[in-house]
**Student:** 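Please find one structure pasted underneath; my questions will follow.
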Amino acid sequence: MSVIGFIGLGNMGLPMATNLVKAGYEVQGVDPAPQALKAAQAVGVKACGSVGVAAAKADAIITMLPNGEIVLKVHEAIAEAAGPGAVLIDSSTIDVASARQASQMALAAGLLAVDAPVSGGVGGATAGTLTFMAGGSKEAFQKASPFLDIMGGKTVYCGEAGAGQAAKICNNMLLGISMIGACEAFALADKLGLSAEAAFNVISTSSGSCWSVNTYCPVPGVGPQSPADNGYEAGFAAGLMLKDLKLAQEAARSSRQATPLGHQAKEIYQQFVEAGGGEVDFSGIIRSLKSED
Ligand code: NAD
């Protein structure tokens, strides 16, 4: 049975590692936060004192970390320690440039590398139903797939290194824009005397239909159950949406692609987060729409 190194056992990493342990793998975990490591030990993860120790005997090393800078530092340590042919899977959400750099570093050390960010949040990580968006060579992807299949319900192969991160930020940029659009439509409907129920019934079955309305309606009491029905408790926190919108703007700048609505969405979520909304579900942005009386 394969040994897996798991680096970063936070809100997402812990349930992902838990599912690997449940599937019978030996998981060697690293996290500088003592409480994270303790929680991981409680579910059967073996605590390691360093990234090098966790990587040395592993067939696969998975990272679930906050940002590109940390990922690059950790991947440097993995590249020094891991045995040839091991596959390195980074499931953190990071910038495309760092993802490509991490992949090059791994290849130079004789390792296989896949960037495989996720959608599905803590709920999906716990249930093992995450969607992975994967980038890297076909060989690396094939080696990573059995591990991704345990932690997720679906994996989309997107292309070469960095393609997974590119897919993730393009999707989330569109999600941020469409959620703001949905909120504006419901706010205007209200001002025009239209009930939320009537607005939902029309939009969700018309050309304005989209995931932000049909599945994740930002107004309570209409449509399927969503965080709006639960006081906008996350869900997918606005602070994480802001992180992804910033990554999208970074990528738009460096690739010289105009994304005016992506830029505007980033500004709107930034204001919301600065006003204290970082922990609120991202559909709670509807609260920030000021009426123009
Ligand atoms: P988190 O802050 O809960 O977990 C990150 C963990 O990494 C922490 O436990 C931290 O101590 C650890 N860490 C930091 N530096 C480290 C290092 N040098 N070595 C080892 N461990 C280190 O964050 P999270 O919510 O688990 O998110 C992880 C990644 O997944 C992020 O990139 C995030 O954008 C992405 N993501 C999160 C969600 C979500 O709903 N939480 C959804 C999709 C994607």
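Numbering of ligands and ligand atoms starts at 1, following listing order. Residue numbers count from 1 along this sequence.
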**Student:** Give the residue and atom name of whichever protein heavy atom lies nearest to atom 3 (O) of ligand 1, and the separation in Å to one decimal.
**Tutor:** Asn11 N, 2.9 Å
**Student:** Which of the atoms in ligand 1, numbered in the order shown and given with their element, are less than 4.0 Å from a heavy-atom of Pro66?
**Tutor:** 7 (O), 14 (C), 32 (O)
**Student:** Using a strict cut-off of 4.0 Å, indicate which atoms of ligand 1 neighbour a heavy atom of Ile7.
**Tutor:** 19 (N), 20 (C)
**Student:** Set out, in order, the CA-CA distance, both residues' side-chain angles and the distance that settles side-chain contact (heavy atoms from CB on, under 4.5 Å) for Met151 and Ile62, then state yes or no.
**Tutor:** CA-CA 11 Å; Met151 298 181 288; Ile62 300 167; 3.7 Å; yes
**Student:** Go through the side-chain N and O atoms of Gln165 and Thr93 and say whether any donor and acceptor fall under 3.5 Å apart.
**Tutor:** no
**Student:** Among all protein heavy atoms, pick out the one at the shortest distance from atom 21 (N) of ligand 1; state its residue, atom name and that distance to 0.1 Å.
**Tutor:** Pro32 CD, 3.1 Å
**Student:** Answer side chain, backbone, both or neither: which part of Val51 comes under 4.0 Å from ligand 1, heavy atoms only.
**Tutor:** neither
**Student:** Check each heavy atom of Ile70 against ligand 1 and say whether those closer than 4.0 Å belong to the side chain, the backbone, both or neither.
**Tutor:** side chain
**Student:** Which heavy atom of Ile285 sits nearest a heavy atom of Cys183, and at what distance?
**Tutor:** CG2-SG, 3.6 Å
**Student:** Counting only heavy atoms from other residues, nucleotides and ligands, does the tally under 6.0 Å from CD of Glu69 exceed 12?
**Tutor:** no
**Student:** Once you round to the nearest 0.5 Å, how far does CD1 of Ile7 lie from NE2 of His75?
**Tutor:** 8.5 Å
**Student:** Is it the case that the side chain of Asp90 and the backbone of Pro117 share a donor-acceptor pair, with hydrogens and angles ignored and the cut-off at 3.5 Å?
**Tutor:** no
**Student:** For ligand 1, which atoms have a heavy atom of Ser92 less than 4.0 angstrom away?
**Tutor:** 32 (O)
**Student:** What atoms of ligand 1 come within less than 4.0 Å of a heavy atom belonging to Ala33?
**Tutor:** 11 (O)
**Student:** What is the closest protein heavy atom to atom 36 (N) of ligand 1, and at what distance does it sit?
**Tutor:** Thr93 OG1, 4.0 Å
**Student:** Taking only heavy atoms of Gly8 into account, list the atoms of ligand 1 that are under 4.0 Å away from them.
**Tutor:** 7 (O), 21 (N)
**Student:** For atom 33 (C) of ligand 1, which candidate among Met16, Lys243, Met12 provides the closest heavy atom?
**Tutor:** Lys243
**Student:** Less than 6.0 Å separating the ring centroids of Phe282 and Tyr232?
**Tutor:** no
**Student:** Identify the closest protein heavy atom to atom 39 (C) of ligand 1: which residue and atom is it, and at what distance?
**Tutor:** Leu240 CD1, 3.4 Å
**Student:** Please verify the inter-ring angle class for Tyr216 with Trp211; under 30° counts as parallel, over 60° as perpendicular, anything in between as tilted.
**Tutor:** parallel
**Student:** Begin from the C-alpha positions of Met173 and Leu247 and carry the test side-chain contact (heavy atoms from CB on, under 4.5 Å) through to its verdict.
**Tutor:** CA-CA 9 Å; Met173 181 179 79; Leu247 290 174; over 6 Å; no
**Student:** Determine whether any protein heavy atom is located less than 4.0 Å from atom 30 (O) of ligand 1.
**Tutor:** yes
**Student:** If I apply the N/O under 3.5 Å rule, does Leu65 come out as touching ligand 1?
**Tutor:** yes
**Student:** So does Glu139 have more than 12 non-hydrogen atoms from other groups sitting under 6.0 Å from CD?
**Tutor:** no
**Student:** My understanding is that we take every heavy atom of each candidate and find the minimum distance to atom 8 (C) of ligand 1. Doing that for Leu247, Asp31, Asp90, which one comes out nearest?
**Tutor:** Asp31
**Student:** Tell me which part of Asp244 gets within contact of ligand 1: side chain, backbone, both or neither, using heavy atoms under 4.0 Å.
**Tutor:** neither
**Student:** Pairing donors with acceptors under 3.5 angstrom, does anything connect the side chains of Ser204 and Asn214?
**Tutor:** no
**Student:** Using side-chain heavy atoms (C-beta onward) and a distance below 4.5 Å, is Phe6 in contact with Thr63?
**Tutor:** no
**Student:** At less than 4.0 angstrom from any non-hydrogen atom of Lys168, what atoms of ligand 1 do you find?
**Tutor:** 43 (C), 44 (C)
**Student:** Yes or no, since that's all I need: does a protein heavy atom fall within a distance strictly under 4.0 Å of atom 23 (O) of ligand 1?
**Tutor:** no
**Student:** Just to be sure I'm reading this right: ignoring hydrogens, which of Ala54, Ala77, Ala39, Gly10 gets closest to atom 4 (O) of ligand 1? Compare them by their nearest heavy atoms.
**Tutor:** Gly10
**Student:** Any idea which protein heavy atom is nearest atom 5 (C) of ligand 1, and the distance to it?
**Tutor:** Met64 O, 4.0 Å
